Structure formats: structure tokens, C-alpha cells
Q: 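Structure below; questions to follow.
Atoms considered below: every heavy atom in the structure, side chains included; atoms not considered: hydrogens, waters and symmetry mates. Everything quoted here is computed from the prediction, not taken from an experiment.
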Amino acid sequence: MAASPGDYKYDVFFSYKRHGLTLDWTREVHKRLQFWLTQEIGRESTLFVDEESIEIGDRWPAKLKEGLRLSRCMVAVFSPSYFQSNWCLSEWTSFREREKRLNMRSHGLIAPMRFHDKDHFPEDAQNVEWADVAPYTSTVPAFWASQRALELEDVLKAFAASVARIINTAPPFQADWPIVETPARPTGKIELARL
């Protein structure tokens, strides 16, 4: 989907904590999610994924901010390390600020998956419904040939239907969607600082 100057470019901003041991798992998840989203929305879905959307020579902080601003919603892969990452917190908080601007109280623009744990998430993240993929997370590439991978496919298919509803009801694009830089706090307390 090509974006006009006053429109979204991406359906989803895929937000995750990068780690060498889980990168293969994350890649497979976002590819499968994109496939099922395409089925759900009836056209090719577009995801901003840092390693695919940022090219050699791009200034990646600026590209991340552009990706946030030009995405209808966010899929966030929650884990304790997600909430200890400055970049992940900034991405999540930017979409939370968008929800606040729109006064979205009962539903939102962030579709989270729980990768691991939940007790170390900020309270705001604990109070939202997520897709529980924790039983299907793995650091082993052979996982994708297992029975659990087949079960994860069903979870992602159902999750894609929920994300499609968020995409289809996303608010009209605003060029000044907030981008928030958030320093990580090990206690889970989050302070906001505008860029």
C-alpha cells in the first residue's frame, strides 16, 4: 500500500527487543503474522520491522520515529527485557500517548504478545489483554519443525484477526502523532520526555 503525504505507510509497527538468540523466532513470527493479516484485511499488509524497513545508510533513529508516526497500530512483543530497553519503551510510550490523545479508554492501538514473564511489566502493560505466545517461544531454530510451532500458527492466526480489527478502525492519520523518548527504568516506573 503506497502512502500519500498525508496517510499511513504501514499497517503495523512491529516492536520487539532484539536478541541474537531469539532473532530467528521473531523473524518467523512477524512473517507469519504478516501472512495472516493479509488474509484478514483482504489486501497486502504492511509491517514496519526494523531490519527490513531500515536500509544501509539510513539514520535508524529517524527511520524508527518515521515508522512509528506512519503506522496505524503497534504489535509489541512484551518481555521483561522489552521494558528495560530505551527504544522499546519509547515505541510503546509513543503509541500510548497517541491513545491518550484520542481518549481511547476501553481499547487501544497496541496489540501485545506476551513473550515471557509478566510480573516485571509496568502496571499499564499488565492491565491490557495480550496474546500469550510464551508457551511457544524458543531459542532453537528446530522449533519451527515442531508440533508447538503448529500450535503457535493457530495462535498467530487468531491474533491476526484481532490486529486486523485495530487496523480497520485506526483513526485518520495525523502528521503530528506524538513521538516520545523514554529512558528505561529498572523499577518499571516510566517517565516521559518529549523529543
Side-chain angles (χ1 to χ4, degrees), residues 1 3-18 30 33 37 40-41 45-50 53 60-133 159-195:
M1 159 196 341
S4 64
D7 200 2
Y8 294 107
K9 182 176 180 181
Y10 306 102
D11 294 310
V12 173
F13 185 98
F14 192 81
S15 180
Y16 66 102
K17 174 65 171 113
R18 182 186 290 254
H30 81 70
L33 176 60
L37 274 174
E40 289 291 335
I41 62 178
S45 62
T46 54
L47 273 69
F48 180 96
V49 181
D50 61 354
S53 302
W60 62 268
K63 290 298 278 189
L64 282 174
K65 292 172 189 173
E66 177 184 280
L68 284 166
R69 194 171 278 117
L70 297 177
S71 296
R72 295 177 191 281
C73 69
M74 172 189 283
V75 167
V77 184
F78 284 179
S79 68
S81 60
Y82 181 90
F83 291 105
Q84 294 168 3
S85 162
N86 290 0
W87 284 108
C88 294
L89 276 176
S90 295
E91 294 162 5
W92 178 67
T93 306
S94 293
F95 265 91
R96 290 292 294 130
E97 284 297 302
R98 188 184 301 188
E99 291 171 345
K100 288 176 187 173
R101 177 189 282 189
L102 297 165
N103 201 24
M104 300 178 96
R105 294 175 193 248
S106 62
H107 66 284
L109 298 170
I110 303 169
M113 297 181 196
R114 183 179 76 94
F115 179 86
H116 186 74
D117 191 51
K118 67 178 182 245
D119 297 329
H120 296 93
F121 297 176
E123 184 178 341
D124 199 22
Q126 290 183 15
N127 293 331
V128 66
E129 190 68 27
W130 55 63
D132 192 2
V133 296
F159 182 65
S162 296
V163 176
R165 282 191 290 279
I166 297 172
I167 291 168
N168 290 332
T169 59
F173 177 76
Q174 293 181 25
D176 65 341
W177 285 131
I179 301 298
V180 179
E181 187 174 331
T182 308
R185 298 285 183 238
T187 63
K189 302 289 183 201
I190 297 174
E191 297 175 17
L192 304 180
R194 295 259 177 220
L195 290 176

Q: Give me the atom names and distance for the closest heavy-atom approach of Glu40 to Ala164.
A: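 Where Glu40 meets Ala164 most closely, the heavy atoms are CB-CB, 3.6 Å.
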Q: Side chains of Asp11 and Leu37, heavy atoms from C-beta outward: is any pair under 4.5 Å?
A: no
Q: Compare all side-chain heavy atoms of Lys100 with those of Glu97 and state whether any distance is below 4.5 angstrom.
A: yes
Q: Looking at every heavy atom in both Phe159 and Ala131, which two are closest together, and how far apart are they?
A: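 That would be CD1-CB, 3.4 Å.
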Q: Just verifying a value: how many Å separate Ile166 CD1 and Met74 CE, rounded to the nearest 0.5 Å?
A: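 If I round to the nearest 0.5 Å, the distance is 11.5 Å.
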Q: Show the nearest heavy-atom pair for residues Arg98 and Arg72, with the distance to one decimal.
A: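 Where Arg98 meets Arg72 most closely, the heavy atoms are NH1-O, 3.8 Å.
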Q: Can you list the steps and then say if Leu68 with Trp177 is a side chain to side chain contact (heavy atoms under 4.5 Å, CB included)?
A: CA-CA 9 Å; Leu68 284 166; Trp177 285 131; over 6 Å; no
Q: My understanding is that only one of Phe13, Trp87, Phe83 makes a ring-ring contact (aromatic ring centres under 6.0 Å, His included) with Trp92; could you say which?
A: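 In the set Phe13, Trp87, Phe83, the residue that makes a ring-ring contact (aromatic ring centres under 6.0 Å, His included) with Trp92 is Phe83.
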Q: Is a salt bridge present between Arg69 and Glu66, judged by a nitrogen-to-oxygen distance below 4.0 Å?
A: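 A salt bridge is absent here (no side-chain N lies under 4.0 Å from a carboxylate O).
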Q: How close do Ala125 and Val128 get, counting heavy atoms only, and between which atoms?
A: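 Closest pair (atom of Ala125, atom of Val128, distance): O-CG1, 3.2 Å.
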Q: According to salt bridge (charged side-chain N to carboxylate O under 4.0 Å, His left out), does anything in residues 75-86 pair up with another residue at least two apart or in another chain? List the pairs.
A: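 Matches after skipping sequence neighbours: none remain.
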Q: If you define the side chain from C-beta out and look only at heavy atoms, does anything of Thr46 sit under 4.5 Å from Lys9?
A: no
Q: Using distance alone, with no hydrogens and no angle criterion, decide if Ser15 and Tyr82 have a side-chain donor and acceptor under 3.5 Å apart.
A: yes
Q: Going by salt bridge (charged side-chain N to carboxylate O under 4.0 Å, His left out), name the pairs with one or both residues in residues 81-96, residues two or more places apart or in two chains.
A: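 Sorted result for residues 81-96: Arg96-Glu99, Arg96-Asp124.
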Q: For side chain to side chain contact (heavy atoms under 4.5 Å, CB included), just list the numbers for His107 and Arg165, CA-CA rounded to whole Å, side-chain angles, deciding distance to a tenth of an Å, and then say yes or no.
A: CA-CA 11 Å; His107 66 284; Arg165 282 191 290 279; over 6 Å; no
Q: Taking Ser79's backbone N and O only, do any of them form a donor-acceptor pair with Asp117's side chain (distance below 3.5 Å, no angle check)?
A: no
Q: Quick one: ring-ring contact (aromatic ring centres under 6.0 Å, His included) partners of Phe14, sequence neighbours excluded?
A: Tyr16, His30
Q: Ignoring hydrogens, what is the shortest heavy-atom contact between Ser94 and Ser90? Give both atom names and the distance.
A: OG-O, 2.8 Å
Q: Would you say the side chain of Ser71 lies within less than 4.5 Å of the side chain of Leu109, judging by non-hydrogen atoms?
A: no
Q: Side chain to side chain contact (heavy atoms under 4.5 Å, CB included), that's the test. Do Arg114 and Phe121 meet it? Break it down for me.
A: CA-CA 10 Å; Arg114 183 179 76 94; Phe121 297 176; 4.1 Å; yes
Q: Show the numbers, then the answer: is there a side chain to side chain contact (heavy atoms under 4.5 Å, CB included) between Cys73 and Val163?
A: CA-CA 8 Å; Cys73 69; Val163 176; 4.2 Å; yes
